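Report on one structure; see the data block that follows.
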Protein chains: 2
Amino acid sequence: MAASTGRQTAMPTSEHGTCLAMSDILSRIGDKWSVMIVAQLGQGTMRFSELRRQTDGISQRMLTLTLRNLERDGLVTRTVYPEVPPRVEYALTPLGKTLLGPIYALWDWVSEHQDDIAEARMAYDAGQQEEAPPRKIA
Amino acid sequence: MAASTGRQTAMPTSEHGTCLAMSDILSRIGDKWSVMIVAQLGQGTMRFSELRRQTDGISQRMLTLTLRNLERDGLVTRTVYPEVPPRVEYALTPLGKTLLGPIYALWDWVSEHQDDIAEARMAYDAGQQEEAPPRKIA
DNA sequence: CTGAATCCGGCCCGATACTG
DNA sequence: CAGTATCGGGCCGGATTCAG
């Protein structure tokens, strides 16, 4: 169950195979919307339009594509109810649920440190602009 | 220190501010190379060419850009030694080190489940192609 | 050795219109 | 309601070249 067996499995340079798989899967995880959708579904089964409403800023196209990818990776299930009007519900698979742990960890980290990052960014930008040639800052 | 205060901070829909910050920062985390670089630097200080060699597949441009972004976000430090030939060393900041936890969690998750995902993908693809019109598979 | 700058192809993604 | 199809702009990212 637990993510870590106690050993340090996080050794990027040692295992090339894992390393390549990481790139691949991380790009799915790191995908802007995937994490949010998984997090949403962590709260329970939802239908398409419900996800659309709760995930603001996402286009219909992106929601569809994201869900397709997640389905393909075995992280979510897609259930179509042959009614009219049609209803489609999405839910996390057991595998998908195991992703919630790491995702929440990341979420928490961001919650905690977003201020630090914002501050660092301002400091960095300020430092850059004073080093940069004062080319008509106007 | 700890990532979680004990409460469930991972509530995507509740806080819009955090939610937007998440998108922003996650796109950095989810950035293909950022995670790998941070993981590399988790092992200790490294210089530019060293990172380049150990991170296979990365172009010089991307390494530079990635490092710049990480520096701007206050996650890594950049130290230039005024020698000839020049030497530049990168290291994680304290803030950067706090990221290692969540990253390793994710890394471990991938290590554990990459097979499941690969399998799910094959199954999905197989299912798709039999539903699809057999248009000259040849 | 480290890094900046330029060029340029490819994809990502949003907007729109159309189907069942 | 849920989804596909198409078009088009924009940004990502690799290869190359030049500089300190």
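Remember, predicted model here, so these are calculated numbers, not experimental data. Both backbone and side-chain heavy atoms feed into the values below; hydrogens, waters and symmetry mates do not.
- In this structure, B:Y124 OH and A:D73 CG are separated by 10.0 Å, a value rounded to the nearest 0.5 Å.
- Taking B:D31 as the reference, B:S34 meet the side-chain hydrogen bond (donor to acceptor under 3.5 Å, both in side chains) condition, with sequence neighbours excluded.
- Checked against side chain to side chain contact (heavy atoms under 4.5 Å, CB included), A:V84 has no partners two or more places apart in sequence or in another chain.
- Chain B approaches DNA chain D within less than 4.0 angstrom (heavy atoms of the protein), and the contacting nucleotides run 5' to 3' from D:dG13 to D:dG20.
- Taking the 5' to 3' direction, DNA chain C first and last meets chain B under 4.0 angstrom from a heavy atom at C:dC1 to C:dT6.
- Atoms CE and CZ, on A:M122 and B:R72 in that order, are 11.0 Å from each other to the nearest 0.5 Å.
- For the pair B:W33 and B:L63, the minimum side-chain heavy-atom distance is 4.5 Å or more.
- For B:E112 against B:D116, the heavy-atom pair with the smallest separation is O-OD2, 4.2 Å.
- Near DNA chain C, meaning a heavy atom under 4.0 Å away, the residues from residues 81-91 of chain B are B:P85, B:P86, B:V88, B:Y90.
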Show the atom names and distances, to 0.1 Å, of all donor-acceptor pairs under 3.5 Å that link a side chain in residues 44-52 of chain B to residues at least two apart or in another chain.
residue, atom, partner, partner atom, Å
B:E50, OE1, B:R47, N, 3.3

B:T98 and B:L95: CA distance, side-chain angles, deciding distance, side chain to side chain contact (heavy atoms under 4.5 Å, CB included) verdict = CA-CA 5 Å; B:T98 67; B:L95 179 59; 3.9 Å; yes
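- Pairs of residues two or more places apart, or lying in two chains, that qualify as salt bridge (Lys or Arg N to Asp or Glu O under 4.0 Å) and include a residue from residues 88-98 of chain A are A:R87-A:E89.
- The residue A:R52 sits apart from the nucleic acid: no heavy atom pair falls under 4.0 Å.
- Note that OG of A:S111 and CD1 of B:I25 are 9.0 Å apart. Values are rounded to the nearest 0.5 Å.
- Residues satisfying the side chain to side chain contact (heavy atoms under 4.5 Å, CB included) test with B:V38, not counting sequence neighbours, are B:L70, B:L92, B:L100, B:I103.
- Annotation: proximity of residues 59-67 of chain A to DNA chain D (heavy atom, distance under 4.0 Å) is found for A:Q60, A:R61, A:T64, numbered in ascending order.
- Of all heavy-atom pairs between A:Y90 and A:L41, the closest is O-CD2, 3.5 Å.
- In the helix from C:dC1-D:dG20 to C:dG20-D:dC1, the rotation axis of the first five pairs and that of the last five pairs differ in direction by 40°, rounded to 10 degrees.
- Scored by the salt bridge (Lys or Arg N to Asp or Glu O under 4.0 Å) test, A:D115 finds no partners at all (sequence neighbours excluded).
- One finds the OG1 atom of B:T55 at 13.5 Å from the CE atom of B:M62 (value rounded to the nearest 0.5 Å).
- For residues 62-71 of chain A, no pair satisfies salt bridge (Lys or Arg N to Asp or Glu O under 4.0 Å), with sequence neighbours left out.
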